[in-house]
Number of protein chains: 2
Amino acid sequence: MTATAARTSPRKRASNGATRRNDADEIGLDALVGHAGYAVRRFQIWIFQDFIKTLGAVDIRPTQYSVLTVIGANPGLSQMAVAKRLGIERARLVHLLDSLEQRRLVKRIKSKADRRSHALHLTTQGEAALAKFKQLAAEHERHVEDKIGKANRERLLQILAGFT
Amino acid sequence: MTATAARTSPRKRASNGATRRNDADEIGLDALVGHAGYAVRRFQIWIFQDFIKTLGAVDIRPTQYSVLTVIGANPGLSQMAVAKRLGIERARLVHLLDSLEQRRLVKRIKSKADRRSHALHLTTQGEAALAKFKQLAAEHERHVEDKIGKANRERLLQILAGFT
DNA sequence: GGAAGATTGTTGTTGACGACAACAATCGTC
DNA sequence: GACGATTGTTGTCGTCAACAACAATCTTCC
């Protein structure tokens, strides 16, 4: 079994022993093909790398973008609410907000209603910046379209809509 | 703008100020919906967690499973070849193989053709174990079907086939 | 044949990220 | 007013990707 080695491209001559195969180009994945998780993982890596590169000039990573977007769309939210909504741990959100606050994109305002919590808002500077980020994110989304096709991207969003 | 707050479930009465919203159930994501990367990330987290739980009894994580599968399908591969094929860094593969070798699932055999490299093989114990792992992985895949639907899973695999 | 450059496995460091536990301040409830 | 729960914070731990450096070995080129 396992003799799926359909050799193409006689690049280097199989050396001497039977141990050596072709270097990297024709390696069967066997059961891995057919696993949704594997395909999704590889795709997710690709998509994040493109996002990071496309938003590289403004130094915004996917998680930061998601936080800014949610705050922008729902000003006054508490850290707990944002963390729950995005599936981020509140401990982690603390550092994310520290960074965004240092960059003057976000403000933590002590809530009068609940003095434990902070109401999160974008600064005016943050609003302007987010507008720019959204343009770049849209460009990134076009890269996705170029990669898998417009119709496939639509279908993908539809299939995964349940994960919000 | 941003007034997409379509309130349902009058759970707690909006307290006093206008700052408080409902707690966590109806928060707009704004631009985040429509971003493939966000949906894919959330889905990938879900799918990995289910994989880890389903293969929890045998203590095999997704990356370990992918390594075992590729070695099983292509015995004699070098570490470099496996790393390239799976998109893992060779530095990281070292530790993965250390662990798998300690568990007597994988052997590193010094290649005679290239004395720098190791030919990777499953042990007989490893082959038997992998068969069991594949059964559990198939069960996990059924969970995915239950979650997004059989047809959608097929379509997903088709769309992402290019990422191997 | 031998020097120069590339490759393989290994070790180590860094930074992003998720999971958990502890803590003080505050809230809600009884 | 006391007790339990919640919020933000700090810290630790383990996973994972990205780099850099290194010794051993291979390949290539003169």
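Because the structure is a prediction, the values reported are computed rather than measured. Lettering of chains follows the sequences in order, A, B, ..., and the numbering in each one begins at 1.
- Whole-Å rounding puts the B:Glu89 CD to C:dT13 C1' distance at 12 Å.
- The existence of a salt bridge linking A:Arg108 and A:Asp98 is confirmed by a sub-4.0 Å separation between a basic side-chain nitrogen and an acidic carboxylate oxygen.
- Between A:Leu97 and B:Ala91, the residue anchored nearer the 5' end of DNA chain D, judged by the nucleotide with its closest heavy atom, is A:Leu97.
- Between A:Tyr65 atom OH and C:dA16 atom P there is a gap of 21 Å when expressed in whole angstrom units.
- For B:Arg41, taking side-chain heavy atoms from C-beta onward, the closest of the listed nucleotides D:dG8, C:dG9, C:dG18 is C:dG18.
- Between D:dT9 and A:Arg108, a contact under 4.0 Å exists linking OP1 or OP2 to a side-chain N or O.
- In this structure, CZ of B:Phe51 is placed 12 Å from P of D:dC16, rounded to the nearest angstrom.
- To the nearest angstrom, C1' of D:dG14 lies 11 Å from CZ of B:Arg92.
- Side-chain contact between B:Phe48 and B:Lys53: absent, with no pair of heavy atoms (C-beta onward) separated by less than 4.5 Å.
- Rounded to whole Å, the distance from CG on A:Asp114 to C1' on D:dA5 is 12 Å.
- One atom, CZ of B:Arg90, and another, C1' of D:dT25, lie 14 Å apart when rounded to the nearest Å.
- Between B:Lys147 and A:Phe163 the shortest side-chain heavy-atom distance falls below 4.5 Å.
- Across all strands, B:Arg115 comes closer than 4.0 Å only to sugar-phosphate atoms, never to a base (heavy-atom distances).
- Rounded to whole Å, atom P of C:dA16 lies 7 Å from atom CZ of A:Arg61.
- Rounded to whole Å, the distance from CZ on A:Arg116 to P on C:dC23 is 19 Å.
- Contact annotation: A:Thr63 side-chain N/O to C:dC17 OP1/OP2 distance is under 4.0 Å.
- Side-chain contact between A:Ile60 and A:Ile52 is absent, with no heavy-atom pair separated by less than 4.5 Å.
- Taking only side-chain nitrogens and oxygens, A:Gln49 never comes nearer than 4.0 Å to OP1 or OP2 of D:dA17.
- Using a 4.0 Å heavy-atom distance criterion, A:Gln79 is classed as a sugar-phosphate-only contact.
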Can you list the steps and then say if B:His143 with B:Phe51 is a ring pair (Phe, Tyr, Trp, His ring centres under 6.0 Å)? CA-CA 9 Å; B:His143 297 168; B:Phe51 187 99; over 10 Å; no

